[in-house]
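For the single chain, residues carry numbers from 1 onward in sequence order.
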Amino acid sequence: MGAETKRNVSTIQTTYVEQQQYAEIASSRKRKLVRRRLSVFFVFASLLTYLMISNHISQTAKLETKLAQKKKLDHQLADMKKQESILKEDIIKLNDDDYIGKLARKEYFFSEKNEVIFNIPEDNKEN
């Protein structure tokens with residue numbers, strides 16, 4: 001009967017034992033409370049991290065589109081500045097009477113006195 005004997009152990013009912021039991025219960029409650037608080041904190045922290053990362057990604061995408069748009073507009077600005085300088089030169093030339101006369105003779109086939117105009121087709125100029 002050595003292995004099958006039952007031990008009857010009773011606990012001592014003193015104030016010290018009761019205080020230890022209450023202390024154990026209180027510490028287990030504190031551990032549960034700390035775990036709950038930490039889990040809530042990590043949920044909020046992960047949610048905040050997700051929101052920050054998604055915001056960063058969307059801002060980066062917007063920035064890339066804005067940079068591409070800026071590059072395109074810079075090219076358009078350069079082209080318009082070239083066109084502006086050409087138009088300014090044309091304005092200066094159009095204030096010159098000799099240039100206007102040459103332009104009228106060329107475009108509208110006006111001629112000066114005793115001047116003969118020959119019309120050459122443009123297809124022959126290319127060949």
How long is the straight-line distance from OG of Ser46 back to CG of Leu51, given to the nearest 0.5 Å? 9.5 Å
Value for CG (Leu63) from NZ (Lys66), rounded to nearest 0.5 Å, stands at 10.0 Å
Output the distance between atom CD1 (Ile57) and atom NZ (Lys62), rounded to the nearest 0.5 Å. 13.0 Å
Quick check for you: to the nearest 0.5 Å, what is the distance between Ile100 atom CD1 and Lys102 atom NZ? 12.5 Å
Note: Glu89-Lys93 ion pair, threshold 4.0 Å (strictly below): no
Beyond-backbone contact of Leu67 with Lys71, side-chain heavy atoms, under 4.5 angstrom: no
Indicate the atoms forming the closest heavy-atom contact of Leu94 with Leu103, along with that distance. CD2-CD2, 4.2 Å
CD of Gln76 to CE of Met80: how many Å apart, nearest 0.5 Å? 7.0 Å
How long is the straight-line distance from CG of Leu48 back to CD1 of Ile53, given to the nearest 0.5 Å? 10.0 Å
Atom CD of residue position Gln83 - does it have more than 12 heavy atoms of other residues, nucleotides or ligands inside 6.0 Å? no
Enumerate the salt bridge (charged side-chain N to carboxylate O under 4.0 Å, His left out) contacts for residues 26-38, please, sequence neighbours excluded, ordered by first and then second residue. none
Look at atom CD of Glu24 and say whether more than 12 heavy atoms of other residues, nucleotides or ligands are closer to it than 6.0 Å. no
Could you tell me whether the side chain of Asn95 and the main chain of Ile91 form a donor-acceptor pair under 3.5 Å? yes
Whether Asp74 and Lys70 form a salt bridge (side-chain N of Lys/Arg under 4.0 Å from carboxylate O of Asp/Glu) is what I want to check. yes
Answer yes if Val34 and Phe41 sit in the same cluster of Ile, Leu, Val, Met, Phe, Trp and Tyr residues linked by side chain heavy atoms under 4.5 Å apart, and no otherwise. yes
